[in-house]
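Take a look at the structure set out below.
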There are 2 protein chains.
Amino acid sequence: MDKIKIVLADDHQILLDGLKSLFEKQEAIDITGIYNNGADLFEGINDTMPDIAIVDINMPGLNGLELTLKIKKEFPAVKVIVLSMFDDIVHIMQLIKAGASAYLFKNISNAKLLEAILEVEKGNTYFPAEVSAKIAAFTRSEKSKQYEIPAPALTSRELQILKLIALEYSNSKIADTLFISERTVETHRKNMLRKTNHKNMVGLLKYVFDNHLI
Amino acid sequence: MDKIKIVLADDHQILLDGLKSLFEKQEAIDITGIYNNGADLFEGINDTMPDIAIVDINMPGLNGLELTLKIKKEFPAVKVIVLSMFDDIVHIMQLIKAGASAYLFKNISNAKLLEAILEVEKGNTYFPAEVSAKIAAFTRSEKSKQYEIPAPALTSRELQILKLIALEYSNSKIADTLFISERTVETHRKNMLRKTNHKNMVGLLKYVFDNHLI
DNA sequence: TAAAAAATACCTGAAAAATGGTATTTTAAT
DNA sequence: ATTAAAATACCATTTTTCAGGTATTTTTTA
């Protein structure tokens, strides 16, 4: 049987070392590339020819989501396992949609990580209980509440205004800053609250921070 | 020469593995304990008799700050090296005040980690450039702006109310929830804004989220 | 080149939050 | 036992935000 060829990308050196020493003990696994960022992994992919790419979600430059999208577009046969420190549904859904085969938290045990690799290698997906629970809860709430916020759906102009609001700018100050009318700012505010189903900016900002959207 | 005795606490198994394999290669270092949380490390400290404790800042139960405070109170000879994913000044200052000898980000290289261990073992402190820069910038801004917010200084009651505000509770609803008067809620709000120097709750909440205070 | 989406702008009234006070009681620390 | 800090409460005024519209222009996408 061929060994499972794996490439790694993570900007945490210690964590890479941990993975390396774990996989070196495994007969069935062959590490063909280790990188500190997503761009390098992607560039090397023609040489490393991996079966599986294990990628951090939070890397400088090309991050885990962008990397996954590029990999699945150019090399759809390469499976992607995401290692994440974020447990929010927005990230989870984004990566699943991007084509990740597994979404694991970094506090996963070695045994489960190997389990995930074997599952993914077979062509299956692997989502630990915590992640499945989040997905299930999200699906339920979406159905029952008629929500439609998988994508945060904020436009770039809205995000721009949101950032100023977060900096404690009043509507009139925002209007002055962006050279638009105060009425327009009010409208953007209103639209953001409506489309994200929030009562006020404090709640919206919390949502945005919780989901690392800014 | 005696080996440097080190204990580790981190809830990320992969990272622990990385540290373990790194230290096992080092002649001068002896790992006397590995734990997945702070409480276990503290309990074992009489048996492990470490020179240095390397602790994660973000652990379930007893977190890095609490652990550091307890260690420095009960076993002041034990040096603490903090491994953190947070680069905010509030955490840095808190840990320094708690008596940590080094504050390192998790993307540190192996070489620098070993460097830090040797420095700390000698009784010195070790703060990488990024951290020093933050401390310096903070010190400067503090002096120039007459600010006095090193400690966020929010009381537990205030934090409790802040969390409800973040959940979009109105003052009257908070009052009902906590069985206090709406006036009291207003006062708490006012006090929080005053002591943190913010214009409104959106700004305060941003500060709180940025600094992982909730 | 239509059609859809985003950005612009105005209005009114209601609700909520912020400002700037004062003041008492309770709890924690010295 | 005293002090200091925290939690409680009230009030009047101003400012800001929210909710509910409608409507035009610009930009993007199919």
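Convention: sequence-line order gives letters A, B, ...; per-chain numbering from 1.
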Which nucleotide in [options] has an atom nearest any side-chain atom of [X]:
X: S181(A); options: dA7(D), dA7(C), dC10(C); value: dC10(C)
X: S170(B); options: dA17(C), dT8(C), dC11(C); value: dA17(C)
X: T187(B); options: dT8(C), dT8(D), dT17(D); value: dT8(D)
X: H188(B); options: dA7(D), dA7(C), dA17(C); value: dA7(D)

[X] [atom1] to [N] [atom2]: how many Å, rounded?
X: I180(B); N: dC10(D); atom1: CD1; atom2: P; result: 11 Å
X: M201(B); N: dT16(D); atom1: CE; atom2: P; result: 16 Å
X: K199(A); N: dA16(C); atom1: NZ; atom2: C1'; result: 8 Å
X: E168(B); N: dA15(C); atom1: CD; atom2: P; result: 18 Å
X: N171(B); N: dA18(C); atom1: CG; atom2: P; result: 8 Å
X: Q160(B); N: dT8(D); atom1: CD; atom2: P; result: 8 Å
X: L154(B); N: dA7(D); atom1: CG; atom2: C1'; result: 14 Å
X: I165(A); N: dT16(D); atom1: CD1; atom2: C1'; result: 12 Å

Check your understanding: Under the 3.5 angstrom rule, does the side chain of H198(A) hit a backbone N or O of T196(A) as a donor-acceptor pair?
Key -> yes
Check your understanding: What distance do F75(B) atom CZ and M49(B) atom CE have between them, rounded to the nearest 0.5 Å?
Key -> 8.0 Å
Point to revise | Y169(B) or N191(A), whichever maps to the more 5' nucleotide of DNA chain C | key: N191(A)
Practice item. In plain terms, say whether E119(B) and K122(B) are close enough for a salt bridge, that is, a side-chain N and a carboxylate O under 4.0 Å apart. Key: yes
Point to revise | E186(B) bridged to R183(B) by N-O distance under 4.0 Å | key: yes
Assign [X] to base, sugar-phosphate, or nothing according to its heavy-atom contacts below 4.0 angstrom with the strands shown.
X: K190(A); result: base
X: S172(A); result: nothing
X: R194(A); result: nothing
X: T184(A); result: base

Practice item. Would you kindly compare N200(B) and R157(B) by the position of their nearest DNA chain D nucleotide and give the one closer to the 5′ end? Key: R157(B)
Exercise for review: Verify the contact: side-chain N or O of R183(A) to OP1 or OP2 of dT8(C), cut-off strictly under 4.0 Å; return yes or no.
Suggested key: no
Check your understanding: Under 4.0 Å: is that the gap between some side-chain N or O of S156(B) and OP1 or OP2 of dA6(D)?
Key -> no
Review point. Would N171(A) and E182(A) count as having a side-chain donor-acceptor pair, cut-off 3.5 Å?
Key: no
